Q: 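Dropping a structure here in structure tokens format, bear with me for questions.
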Amino acid sequence: MTGDHQTLALLLFSAFIAVTLGITTWVSRNRHGSAEEFYAGGRLFSPMENGFAIAGDYMSAASFLGISGLIALYGYDGMLYSVGFLVAWLVVLLFVAELVRNCGRFTLADVIASRMRERPVRIASGTSSVTVSVLYLVAQMVGAGSLVALLLGGTSEAAQSWTVIGVGALMVIYVSFGGMRATTWIQIVKAVLLMAGAIAMTLLVLARFQGDVNHLLNTAAERSGHGKDFLAPGLRYGGDWTARLDFISLGLALVLGTAGLPHILSRFYTVPTARAARRSVVWSIGLIGSFYLMTIVLGFGAAAVLGTEEVRASNAAGNTAVPLLALDLGGGAGSTGGTVLFAVVAAVAFATILAVVAGITLASSASVAHDLYASLKRRHAKQRSEVAVARLAAAGIGAVAIALGLLARDLNVAFLVGLAFAVAASANLPVLLYSLFWRNFTTRGAVWSVYGGLIPAMLLVVLSPVVSGSPESLFPGVDFHVFPLQNPGVISIPLGFLAGWIGTVTSSEPPDDARHAETEVRALTGAGAV
């Protein structure tokens with residue numbers, strides 16, 4: 001990249017960071033330090049504001065950089081990520097949003113603990129939420145490293161490392177000082193910027209091909225090196241039975257995982273009522289749906305304009321396809337238009353990463369303080385001390401995410417998010433659905449459901465080709481993989497549901513019909529909701 005690209009992009013990075021730090025400072029002066037203010041922003045956001053914030057939380061680096069890169073590399077099979085991420089919102093809208101808002105206060109564990117023994121349930125759910133959040137954070141860190149490495153010439157590992165560290169430090173500042181209110185406004189600003197950038201890029205791609213989508217797809221197929229196979233199923237997931245099973249596993253994880261993501265569930269508590277939570281989801285579906293349609297155009301556009309080999313040469317995982325496409329659409333390297341468009345897209349992608357990591361860090365620090373810490377202290381902790389623990393937890397989670405982000409920097413960010421979705425669908429979704437809909441569900445069933453999904457999911461990831469056994473693995477020099485699939489969802493999700501059922505039917509504890517009835521009325525009507 002030329003000095004002009006670097007200078008302009010870094011100026012835009014700096015402007016966004018200055019604005020977000022300004023928001024954080026302003027919010028920190030006006031807060032009163034209560035748990036409700038820190039975790040839920042005082043529940044003062046409108047459905048439209050929260051819808052934009054949910055969209056900002058969900059449209060991550062995996063969406064903007066990773067999915068477009070996978071489509072540029074694998075065509076039709078890469079597009080399946082877009083479909084999976086979008087369809088998942090129907091599960092959230094139909095089964096989760098309103099009921100979670102009515103039953104909980106700040107975290108997923110609040111919903112489950114409303115009819116169970118609190119301590120074991122909160123410890124299990126808090127552990128699971130932190131694990132999912134850290135996996136999701138790693139993907140954002142990898143995206144940030146890839147982006148800045150491209151900006152600085154694509155060769156500097158030191159630049160990638162310092163970027164990951166810098167993003168980690170910023171997210172700790174946002175969460176520690178601003179809490180949910182600052183995080184929400186950062187996500188709203190980011191969602192507006194991302195939608196504007198995606199719309200502009202999509203229009204430029206379509207203009208390059210005179211609005212002829214068929215011409216765009218045929219050119220992408222020609223320049224991919226795979227011909228018509230690029231537009232048909234099977235390029236990535238059709239080689240053998242293992243690849244096909246991996247696709248089923250990924251699809252299950254994407255469609256079911258969203259409803260178990262802690263940072264998405266926590267957003268439903270920032271609005272005053274369950275009706276507002278449902279309307280928030282409707283707003284977010286409109287934004288997210290249009291965005292994922294645009295990622296399909298951008299992915300095939302990158303293949304058509306740049307060629308698959310150029311995308312792969314810049315970054316083997318495809319994470320830099322969209323910034324490179326922006327450079328070409330603006331007029332190419334050295335042109336003023338190319339410089340400006342590349343810098344704007346790079347800055348929007350960087351803003352995306354900062355906003356998403358802030359949301360995830362807040363959700364995971366809330367789980368540490370509100371669930372784990374408060375449970376271990378037997379709920380004697382005062383609200384103010386719980387918030388102090390949440391701020392410390394944000395720093396600890398940031399440090400872990402930085403370390404893992406440095407380790408996983410060569411993996412595709414959309415693929416990494418797929419792993420986080422698999423763990424969320426395995427450990428969080430079964431216990432959430434059982435708690436809301438099964439009258440006989442017990443505390444043992446809840447704990448077994450969480451660990452019965454979490455432990456197999458994590459174990460299968462460790463024993464999969466993701467960690468060892470191939471040149472693209474985290475540890476390419478060793479091979480201890482025994483599980484053939486890259487995504488564990490097809491095994492671990494049923495295990496989570498099965499473990500919850502076995503735990504319940506073998507439990508000597510009688511189900512509490514009165515508390516279930518109370519939870520059911522509260523979930524469906526909002527009576528008694530906080």
Side-chain angles (χ1 to χ4, degrees), residues 91 95-96 99-100 103-104 107-135 249 252-253 256-262 265 364 367-368 370-376 378-379 419-463 483 487-520 523:
V91 179
F95 296 111
V96 173
L99 304 183
V100 164
C103 286
T107 64
L108 168 67
D110 288 335
V111 179
I112 306 163
S114 63
R115 51 177 293 215
M116 310 289 174
R117 292 201 316 275
E118 283 207 30
R119 198 174 185 212
V121 164
R122 286 190 181 278
I123 291 171
S125 182
T127 302
S128 168
S129 294
V130 172
T131 304
V132 172
S133 298
V134 169
L135 279 172
S249 190
L252 280 172
L256 299 178
T258 301
L261 290 175
L265 293 174
S364 51
S367 291
V368 170
H370 186 63
D371 299 329
L372 298 176
Y373 171 75
S375 296
L376 295 173
R378 295 185 180 276
R379 317 283 310 157
L419 295 182
F421 273 64
V423 178
S426 305
N428 291 346
L429 184 66
V431 71
L432 181 60
L433 294 181
Y434 278 149
S435 297
L436 291 172
F437 299 111
W438 189 12
R439 179 178 298 276
N440 294 328
F441 198 43
T442 63
T443 301
R444 176 192 280 186
V447 173
W448 283 29
S449 182
V450 173
Y451 291 130
L454 177 65
I455 293 171
M458 295 303 297
L459 189 62
L460 291 175
V461 169
V462 170
L463 298 177
F483 181 64
N487 192 294
V490 72
I491 304 295
S492 57
I493 295 171
L495 284 178
F497 281 100
L498 180 63
W501 179 78
I502 293 173
T504 297
V505 299
T506 60
S507 173
S508 58
E509 170 193 0
D512 192 328
D513 288 335
R515 288 183 73 180
H516 174 264
E518 180 186 336
T519 301
E520 189 173 42

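Nothing here was measured: the structure is a model prediction, and the numbers come from that model.
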Q: Indicate the atoms forming the closest heavy-atom contact of Glu509 with Arg117, along with that distance.
A: OE1-NH1, 3.5 Å
Q: Give me the ring orientation class for Phe441 and Tyr434: parallel if the planes are under 30° apart, tilted from 30 to 60°, perpendicular past 60°.
A: tilted
Q: Please check this pair: side chain of Ser128 against backbone of Ala124, looking for a donor-acceptor N/O pair closer than 3.5 Å.
A: no
Q: Could you tell me if the side chain of Pro120 sits less than 4.5 Å from the side chain of Thr443, heavy atoms only?
A: yes
Q: Counting distance only, does the side-chain N/O of Ser449 pair as donor-acceptor with the main-chain N or O of Phe497 below 3.5 Å?
A: no
Q: Excluding sequence neighbours, so at least two apart, what forms side chain to side chain contact (heavy atoms under 4.5 Å, CB included) with Leu459?
A: Leu463
Q: Suppose we screen for side chain to side chain contact (heavy atoms under 4.5 Å, CB included). Which residues come up paired with Pro262, at least two apart in sequence or across chains?
A: Ser129, Val132, Ser133, Ala363, Asn428
Q: Suppose we screen for side chain to side chain contact (heavy atoms under 4.5 Å, CB included). Which residues come up paired with Leu252, at least two apart in sequence or across chains?
A: Ile248, Leu256, Val490, Ile493
Q: Give me the atom names and distance for the closest heavy-atom approach of Ala259 to Leu429.
A: CB-CD1, 3.6 Å
Q: What's the shortest heavy-atom distance between Ile112 and Ala446, and which atoms?
A: CG2-CB, 4.0 Å
Q: Show the nearest heavy-atom pair for residues Thr504 and Asn440, with the distance to one decimal.
A: CG2-O, 3.1 Å
Q: At what distance, to the nearest 0.5 angstrom, does OG1 of Thr127 lie from CG of Leu454?
A: 7.5 Å
Q: Say you draw a straight line from OG of Ser508 to CZ of Arg444; how long is it, rounded to the nearest 0.5 Å?
A: 6.0 Å
Q: So, for Asn487 and Ser249, which heavy atoms are closest and what is the spacing to 0.1 Å?
A: O-OG, 2.6 Å
Q: Provide the closest heavy-atom pair for Pro430 versus Ser426 in the form atom of the first, atom of the second, distance.
A: CG-O, 3.3 Å
